[in-house]
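These numbers were taken from a predicted model, which means no experiment stands behind them. One-based numbering, in listed order, for ligands and for the atoms of each.
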Amino acid sequence: MDFAAEIAKLKKEKNAVLLAHYYQIPEIQEAADYIGDSLALARKAVETTADIIVFAGVHFMAETAKILNPGRKVLLPDISAGCSLADACDAGELARMKQELPGYKVVSYVNCSAKVKCLSDIICTSGNALKIIESFPKDEKILFVPDKNLGAYINRQTGRQMKLWPGSCQIHDILNAEKVLKLKISKPHAKVIAHPECNAAVLEIADFIGSTAAMLNFITQDPAQEYIVATETGILHQMQKLCPQKHFIVASNDETCACNDCPYMKLNTMEKLYRCLRDESPEIILDPETIEQARKPIEAMLRLS
Ligand code: 13P
């Protein structure tokens, strides 16, 4: 079956919009109406007038789309496409922690569940995290949830001492700085570009740190011809499209491993996407109370960024 053609047909018939994250497989990125980082996709989810939003990404992203546009049907091709960061923070544990930390503001990275968002004062993405944190007075007590690497990076950049939840992204956290350094030494003209979910040692040797969208923007402005890319492999498709003359090398721990492929992002396939549009399932369902509570910190973020 020509899945790309069938998907295009179903999208038209059903007035559906396909939003895809940069970590999706190239075929899905090509089939999408909009590709973006978490922040851009959340914005698109607010703006869309389509009846159906198909989210080619992971569960928390589709949930965010549903929270922001509850009148639309939101579909996720594989409902088990989770996120190790979201799994690292249980809402019950966060509620207990909040009781132990009276007076703290909770800033949650968007990679968390709707229930965790309900307990948060404001949400941030990697694209706006510094701006969101800097919107608080310097002496504000902040609990940053759930990415300890992004939180530590913000602490270093701002001189703050936010308390950090001990979560991390399994793809970014596992990257080994020694291996990245070896690669950098062997490619003296290449620049290292890294996502802030990477551990501190990798960020230390990076020439540029930013969200997926910021990295894409960087490579189009920067004069270098070669880059070592410390993030998920899906983004290389857009990098190569934007700068076909440049060379991109994945910063992996081992050339034979698939350790830079997010096992959740890569659960989505063209066939699952086709079936999900055809059957209008799996659908993201949230109770109205959760939607109402989770919406407030997300809207607070969108107002600020
Ligand atoms: P971006 O917001 O940079 O797209 O990152 C999303 C994400 O989940 C990274 O692991």
Candidate with minimal heavy-atom separation from atom 6 (C) of ligand 1, of Ser211, Gly36, Ser38: Ser38

Per atom 8 (O) of ligand 1, closest listed option by heavy atom (Leu85, Val58, Asn111): Asn111

Residue pair Gln225, His247: steps toward the side chain to side chain contact (heavy atoms under 4.5 Å, CB included) verdict: CA-CA 6 Å; Gln225 291 300 307; His247 186 220; over 6 Å; no

Interatomic distance, Lys98 atom NZ to Lys105 atom NZ [nearest 0.5 angstrom]: 9.5 Å

Cation-pi, Tyr34 ring and Lys44 (6.0 angstrom, 45 degrees): yes

Check: Ile193 and Thr231 side chains under 4.5 Å, non-hydrogen atoms: no

Which atoms of ligand 1 sit under 4.0 Å from any heavy atom of [X]?
{"X": "Ser126", "answer": "1 (P), 2 (O), 3 (O), 5 (O)"}
{"X": "Glu197", "answer": "7 (C), 8 (O), 9 (C), 10 (O)"}
{"X": "Asp37", "answer": "1 (P), 2 (O), 4 (O)"}
{"X": "Thr212", "answer": "1 (P), 3 (O), 4 (O)"}
{"X": "His195", "answer": "1 (P), 3 (O), 5 (O), 9 (C)"}

Region of Glu232 engaging ligand 1 - heavy atom pairs below 4.0 Å: neither

Polar side chain donor-acceptor pair, His237 to Glu30, under 3.5 angstrom: yes

Parallel, tilted or perpendicular, as decided by the 30° and 60° cut-offs, for the rings of Phe218 and Phe208: parallel

Crowding at CD, Gln157 (>12 non-hydrogen neighbours, <6.0 Å): yes

Test item, Tyr22 contacting ligand 1 (heavy atom, 4.0 angstrom): no

Heavy-atom gap His21 to ligand 1 smaller than 4.0 Å: yes

